[in-house]
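Structure first, commentary second.
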Amino acid sequence: MAHRLTPLERRTQPDSDPAASMSLLQSLLYDPLNYGYSADTKESTLHKDPLDRAVVLLLAIILAFITTVSVRSLVAPDRPGNQVHHGLIRQIENRQADVNRLQTEVDKLNGQIGVLSAADTSAPRVPPEIRQLAQLDTITGPGLTVTVTEANDASGKGKVQDSDLRALINALWAGGAEGVSLNDIRVGPTTAVRTAGGAILVDFHAVSSPYTVQAIGDSLQMQQSLTSGNTGEYFSLLYSMYGISLSYSKQDTIALKAANVRNASVASVTNGGKEQE
């Protein structure tokens with residue numbers, strides 16, 4: 001049964017303190033959202049167990065250790081993937097060095113063959129114009145230097161293709177070039193410009209951007225051959241779609257070494273339907 005206060009009991013209850021009521025009202029007005037939070041925080045701080053502090057410190061140390069180990073494992077230079085990558089790079093560099101060494105020996109032997117052929121009076125004499133067409137001699141003269149450059153972020157179709165370089169070389173031949181070289185490699189009748197494994201090879205020599213093509217001949221005619229017709233439209237599209245740029249400059253003197261035509265042989269020279277032995 002509910003207990004009811006009698007009038008006497010009511011009079012014995014302590015009167016409320018007006019100052020305390022005002023203090024409570026001010027707390028609600030000035031900090032309505034966090035009422036009582038400060039008091040609870042102070043109380044919990046005073047009664048915080050040292051064991052809790054030790055547990056938090058231990059967890060922080062463990063977390064820092066795990067983070068450090070994870071970061072070091074990510075940037076470690078001796079990961080298996082990095083080792084394989086560096087090993088492949090070393091193999092490529094070694095193979096390229098072997099190719100360069102063998103090419104030097106081939107050039108030396110070709111020089112010796114040329115000296116012996118000149119001393120051999122029984123060998124058929126090849127007319128100078130035929131030797132020039134075969135790019136068998138070192139030539140010097142004025143001409144044009146053309147540079148093909150990829151975009152900085154080129155990838156996939158944005159990279160220069162072997163077909164792009166062949167189109168450029170053919171346009172120079174069509175413009176009356178007497179001799180052409182690509183990245184200091186003379187382009188002869190048996191020179192192959194092709195893609196192998198993502199790299200462009202010129203007679204087994206890997207070349208990369210920027211690609212420099214030098215041609216001896218009338219610079220004005222060769223420039224017109226590059227910038228007009230289908231070739232000019234082709235390179236304009238390469239620039240607008242993929243950022244592949246083509247620039248050229250006139251040169252007073254260009255020296256081109258003889259082409260490597262180890263696979264070419266001259267059986268006979270035809271002149272006006274008559275064979276010259």
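What you see below is based on every heavy atom in this structure, not just the backbone, and it leaves out hydrogens, waters and symmetry mates. Counting from 1, the numbers follow the sequence of the chain as shown.
Listed by chain and number, the residues in a side-chain hydrogen bond (donor to acceptor under 3.5 Å, both in side chains) with Q96 are N100 (sequence neighbours excluded). With sequence neighbours excluded, no residue forms a salt bridge (Lys or Arg N to Asp or Glu O under 4.0 Å) with E93. D218 meets the salt bridge (Lys or Arg N to Asp or Glu O under 4.0 Å) test with no other residue; sequence neighbours excluded. For S247, there are no side-chain hydrogen bond (donor to acceptor under 3.5 Å, both in side chains) partners, not counting sequence neighbours. In terms of the side-chain hydrogen bond (donor to acceptor under 3.5 Å, both in side chains) criterion, residue partners of Y234 (sequence neighbours excluded) are, by chain and number, D164. In terms of the salt bridge (Lys or Arg N to Asp or Glu O under 4.0 Å) criterion, R95 has no residue partners (sequence neighbours excluded).
Using a 4.5 Å cut-off on side-chain heavy atoms (C-beta onward), V160 and S209 make no contact. Between I139 and R186 the shortest side-chain heavy-atom distance falls below 4.5 Å.
By the criterion of side-chain heavy atoms lying less than 4.5 angstrom apart, applied directly or through intervening Ile, Leu, Val, Met, Phe, Trp or Tyr residues, L165 is not grouped with L201; the two fall into different hydrophobic clusters. If you chain together hydrophobic residues whose side chains sit under 4.5 Å apart, I244 and Y248 fall into the same group. M241 and L246 end up in the same hydrophobic cluster when Ile, Leu, Val, Met, Phe, Trp and Tyr side chains are linked at under 4.5 Å. Cluster membership for I61 and V56, using ILVMFWY side-chain heavy atoms within less than 4.5 angstrom, is not shared. Hydrophobic clustering keeps L57 apart from L59 (ILVMFWY residues linked when any side-chain heavy atoms are closer than 4.5 Å, directly or through intermediates).
Across all their heavy atoms, V148 and L168 have their closest contact at CG2-CD2, 3.6 Å. Nearest approach of A174 to S225, heavy atoms of both residues: CB-OG, 4.0 Å. Residue I254 comes nearest to A215 through the heavy atom pair CD1-O, 3.7 Å, listed as atom of the first residue, atom of the second, then distance. The nearest pair of heavy atoms linking V180 to A177 is CG2-CB, 3.9 Å.
Between the side chain of D162 and the backbone N or O of I200, no donor-acceptor pair lies under 3.5 Å. In this structure, Q251 contributes its side chain and T145 its backbone to no donor-acceptor pair below 3.5 Å. In this structure, R194 contributes its side chain and V202 its backbone to no donor-acceptor pair below 3.5 Å. In this structure, the side chain of Q161 engages the main chain of K159 through a donor-acceptor pair within 3.5 Å.
Heavy atoms of other residues, nucleotides or ligands lying less than 6.0 angstrom from CG of N230 number 12 at most. Shown here is N94, whose CG atom has more than 12 heavy atoms of other residues, nucleotides or ligands within 6.0 Å.
Atom OG1 in T191 sits 12.5 Å away from atom CZ in R166 (nearest 0.5 Å).
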